[in-house]
Amino acid sequence: MAAADGPASSRDFVRQIVVDDGASGKHEGRVATRFPPEPNGYLHLGHAKSICLNFGISGEFGGVCHLRFDDTNPAKEEQEYVDAIQRDVRWLGFDWGGHLYYASDYFGQMLDYACHLIREGLAYVCDLTPDEMRAYRGTPTEPGRESPFRGRSVSENLDRFARMVAGEYEEGACTLRARIDMASPNLNMRDPAMYRIKRAHHHRTGDQYVVYPMYDYAHCVSDALERITHSICTLEFEDHRPLYDWFLEHLPVPAHPRQIEFARLNMTHVMMSKRKLLQLVQDGHVRGWDDPRMPTLSGIRRRGYSASAVRAFCESIGVSKANSLVHYEHLEHFVRQDLNANARRVMAVLDPVRVVIENYPQDQVEWFEAENNPENAADGTRMVPFGREIWLEREDFTENPPPKWFRLAPGREIRLKHAYYITCREVVKDATGAITELRCTYDPESRGGGTPDGRVVRGTSHWVSVAHGVSGEVRLYDHLFAKPHGLDDGEELADAINPDSLKVVEAVLEPAAAELAAGTCVQFLRQGYFCIDPDSGPDRPVYNRTVGLRDTWAKLSRA
RNA sequence: UGGGGCGUCGCCAAGCGGUAAGGCAUCGGCCUUUGGAGCCGACAUUCGUAGGUUCGAAUCCUACCGCCCCAGCCA
């Protein structure tokens, strides 16, 4: 698709810029974006927004989008993350073609460029300690002071930098700094560090280097070398743009990409910082990066969210520069929309109570044909067994029905989905007063869910035959953080965690539900969407609740 | 009190001087063998505030208020 007849130019301000640049002939009409994760953690929903933006734009404008690992800090980066990130981007539905790069691919070129800057008198080796450097930097309201090493000659700088690279100095002994302006009101321009000494093993370059470039230097150079046209990043880098441009203006790079900043995604009930997510994993608050309660792409994937639902969500929230907090329910809307159309229906009772149908023949079994998905006839039907004893959801019965209660109660009649009408005749309790059994009768005329007299039965319950039911583990999830907003000042991560974020329940499922492949998502009728967890064994299905159904009764009873 | 940003419905978000899109949520009603889904309808006389320019301003100007980011040899 050509830029000219691309998406409406008003879709968002970033695309607007891309359209304008195309119109003015900038970048020779090319569009090249990049998604530049640091391999120091797993991708989360915030990254999904960025991925959809970058890959989305390249796709819409006939451009390319590179996947580039920003691997400039070996102390924090690992191959495991590199692999997970690629898996997740692919899962989300994007393809970087042959454009897989690493900032470390350019370490050699970056070193040459650094020497160029030194030769131009625009960079110098500084021996200030970290503490001294901070003191010399000044504050937002006071200018900094020039380093005593700022005046070193080109040849001395060249020599010292060569020795830095050769590993002659200790970690922390010195840095290479850009020589810009210690009085700049922008702290980033006060002679920022370009290189520091780090004796750490790099996941790709091994021990080849002991100096590693800082983000500000590495990122713009990487973008330029790849001839990126639009370098899209988040708001906190807005202050860095003058530095981004400064490096590219003073280096003989093949291109000068344009940095554009947008607001990162924030969501209620969710922690979106890799540092905090790492802590959740390391401290054992969750079972791993792919715990279904995590906002990581691997977590929501295991939870049962589909890539297309996540993409639809990302498109719907738009892109702007305003700090925002998106309701988590907004994401759930797209998850339900997708699952409603695609998930097959199946019956499962999560909290069973036994129902005995007194007038139903002792050993009779009937098989009812049930539609797999009312939203899609092509999904066909399945057979569901019925017998004299069935399990009913405990919350579908009450001894004291409130107004507008359509479910079972003493003397009340309900429909068993796909089967018969039953009427509750007697409640059996144990010594503690707990209900152990409901004695009911059925109307043989109601077979299939209707009667010749056409009487109205408003309640319809799901059920599972006692004789045929298969038991399975069901994991019910709630927000990892109960409060919609992040941590209060001084609040510990551990204290903010919702103690009820995971509830494990032993459920009974209709036979068809026990035969599904791992990863399959189904709707447990009237309850929600559930997917099979990889923890499932051959004889023991384990389900994750992906998201509950909207429940107007719950709302009514709350009021 | 330095610099950089942002302020349009409960939440996101269009709008780019010509008289407030859309989505989520919410509230009614219809329909329903999932209290699901679906369908219909309601939902900002007003755009952080105050002035100004203009025939006309959410859009331009001025001042003020509020919120976010920046003092890593992290990204």
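Excluded from the calculations below are hydrogen atoms, water molecules and symmetry mates; all remaining heavy atoms, backbone and side chain alike, are included. Protein chains get the first letters and strands the later ones, always in sequence-line order, with residue 1 at the start of each. Note that this is a predicted model, so its numbers are computed, not measured.
Contacts of H240(A) with the nucleic acid, taken as non-hydrogen atoms under 4.0 Å apart, include base atoms. Using a 4.0 Å heavy-atom criterion, one finds that R407(A) contacts the bases of the nucleic acid, with or without backbone contacts as well. Among the heavy atoms of the strands lying under 4.0 Å from T129(A) is at least one base atom, whether or not backbone atoms are also near. Across all strands shown, G450(A) has heavy atoms under 4.0 Å from base atoms, whether or not it also approaches the sugar-phosphate. The residue R345(A) sits close to a base: some heavy atom pair falls under 4.0 Å. Base engagement by D239(A) is indicated by at least one non-hydrogen atom pair under 4.0 Å involving a base atom. In this structure, R458(A) reaches the bases: a heavy-atom distance under 4.0 Å links it to at least one base atom across the strands shown. At a threshold of 4.0 angstrom between heavy atoms, the contacts of D70(A) are confined to the sugar-phosphate backbone, with no base atom among them. In this structure, F237(A) reaches the bases: a heavy-atom distance under 4.0 Å links it to at least one base atom across the strands shown. Residue Q527(A) is out of contact with every strand shown, counting any heavy-atom pair closer than 4.0 Å. H418(A) comes within 4.0 angstrom of a base, heavy atoms only.
Between H330(A) and S316(A), the closest side-chain pair of non-hydrogen atoms falls below 4.5 Å.
In this structure, A37(B) forms no base pair with any nucleotide, since neither Watson-Crick nor G-U wobble geometry is met with both distances under 3.5 Å. Across all strands shown, G52(B) is found opposite C60(B) as a Watson-Crick or G-U wobble partner, with both distances under 3.5 Å. Within the shown strands, A42(B) is the pairing partner of U26(B) under the Watson-Crick or G-U definition, both distances less than 3.5 Å. G66(B) is paired with C6(B) under the criterion used here, namely a Watson-Crick or G-U wobble arrangement in which both key atom distances are under 3.5 Å. Across all strands shown, nothing is found opposite A13(B) as a Watson-Crick or G-U wobble partner with both distances under 3.5 Å.
Taking 3.5 Å as the limit, the base of G36(B) and the side chain of R336(A) contain no donor-acceptor pair of atoms between them. Between the base of G35(B) and the side chain of D551(A) there is no donor-acceptor pair shorter than 3.5 Å.
Rounded to the nearest Å, the gap between the C1' atom of C55(B) and that of G41(B) is 37 Å. Between G7(B) and C16(B), the distance separating the two P atoms is 15 Å to the nearest Å. With both ends at atom P, the span from A63(B) to C24(B) equals 41 Å, rounded to whole Å. Rounded to the nearest Å, the gap between the C1' atom of A58(B) and that of C47(B) is 5 Å. Rounded to the nearest Å, the gap between the C1' atom of G72(B) and that of U1(B) is 25 Å. The separation of C61(B) from G5(B), taken at their P atoms, amounts to 15 Å, rounded to a whole angstrom. Spacing between G22(B) and G66(B) at atom P, rounded to whole Å, works out to 34 Å. Between C67(B) and U49(B), the two C1' atoms lie 15 Å apart (nearest whole Å).
The pair E60(A)-R11(A) counts as a salt bridge, with a side-chain nitrogen and a carboxylate oxygen less than 4.0 angstrom apart. Ion pair E393(A)/R407(A) not flagged as a salt bridge, since none of the NZ, NE, NH1 or NH2 atoms sits closer than 4.0 Å to an Asp/Glu carboxylate oxygen.
Of the two residues contacting RNA chain B, namely R241(A) and L416(A), the nearest-nucleotide position lying further toward the 5' end is that of R241(A). Positionally, the nearest nucleotide of RNA chain B for K417(A) lies more toward the 5' end than for the other of K417(A) and A193(A).
The interatomic distance linking Y217(A) (OH) with G72(B) (P) rounds to 23 Å, in whole Å. Between the P atom of C73(B) and the CG atom of L187(A) lies a distance of 11 Å, rounded to the nearest Å. One atom, CD of E171(A), and another, C1' of C74(B), lie 14 Å apart when rounded to the nearest Å. Computed from coordinates, the N186(A) CG to C70(B) C1' distance equals 8 Å when rounded to whole Å. Here the C1' atom of nucleotide U34(B) and the CG atom of D396(A) are 11 Å apart, to the nearest Å. If you measure from atom CG of N340(A) to atom P of C24(B), you get 14 Å, rounded to the nearest angstrom. Rounded to whole Å, the distance from CG on L556(A) to P on G36(B) is 10 Å. One can place OH of Y195(A) at 18 Å from C1' of G72(B), the figure rounded to the nearest angstrom.
Smallest separation of non-hydrogen atoms from P140(A) and L187(A): CA-CD2, 4.2 Å.
Of all the residues in residues 262-270 of chain A, not one reaches under 4.0 Å from RNA chain B with any non-hydrogen atom. Within residues 369-380 of chain A, the residues having any heavy atom under 4.0 Å from RNA chain B are, by residue number, P374(A), E375(A). Shown for residues 318-333 of chain A: residues whose heavy atoms fall under 4.0 angstrom of RNA chain B, namely V319(A), S320(A), K321(A), A322(A), N323(A), S324(A), L325(A), V326(A), H327(A), H330(A), H333(A).
Listed candidates were C73(B), C69(B), U26(B). Nearest to the side chain of K555(A) is U26(B).
OP1 or OP2 of G72(B) lies within a sub-4.0 Å distance of a side-chain N or O belonging to R137(A). The phosphate of C74(B) (OP1 or OP2) has a side-chain N or O of R196(A) nearer than 4.0 angstrom. For K198(A) and C74(B), the shortest distance from a side-chain N or O to OP1 or OP2 is below 4.0 Å. Note on T72(A): a side-chain N or O is less than 4.0 Å away from OP1 or OP2 of A75(B). Contact annotation: R526(A) side-chain N/O to G35(B) OP1/OP2 distance is under 4.0 Å. In this model, the phosphate group of U26(B) is approached by a side-chain N or O of R550(A) to a distance below 4.0 Å at OP1 or OP2. An OP1 or OP2 oxygen of U32(B) is reached within less than 4.0 angstrom by no side-chain nitrogen or oxygen of T460(A).
With a 6.0 Å cutoff to the six-membered ring centre and a 45° limit on the axis angle, R145(A) counts as a cation-pi contact of Y136(A).
No side-chain donor from either of D131(A) and T129(A) sits under 3.5 Å from a side-chain acceptor of the other. In summary, the side chains of N373(A) and R344(A) do not present any donor paired with an acceptor at a separation below 3.5 Å, with no hydrogens or angles considered.
The aromatic rings of F107(A) and H202(A) sit perpendicular, their planes meeting at an angle over 60°, well past the 30° parallel limit.
Annotated as anti: G7(B), whose glycosidic dihedral deviates from 0 by more than 90°.
Listed by chain and number, the residues in a salt bridge (Lys or Arg N to Asp or Glu O under 4.0 Å) with E80(A) amount to none (sequence neighbours excluded). Contacts of D105(A) classified as side-chain contact (heavy atoms from CB on, under 4.5 Å), with partners at least two apart in sequence or in another chain: Y101(A), Y102(A), R204(A).
A donor-acceptor distance shorter than 3.5 angstrom exists from the side chain of R196(A) to the backbone of Y212(A), with no hydrogens or angles considered. The main-chain N or O of G548(A) is found under 3.5 Å from a side-chain atom of R336(A) such that the two form a donor-acceptor pair.
Applying the salt bridge (charged side-chain N to carboxylate O under 4.0 Å, His left out) test to pairs two or more places apart or on separate chains, those with a residue in residues 263-278 of chain A are E236(A)-R264(A).
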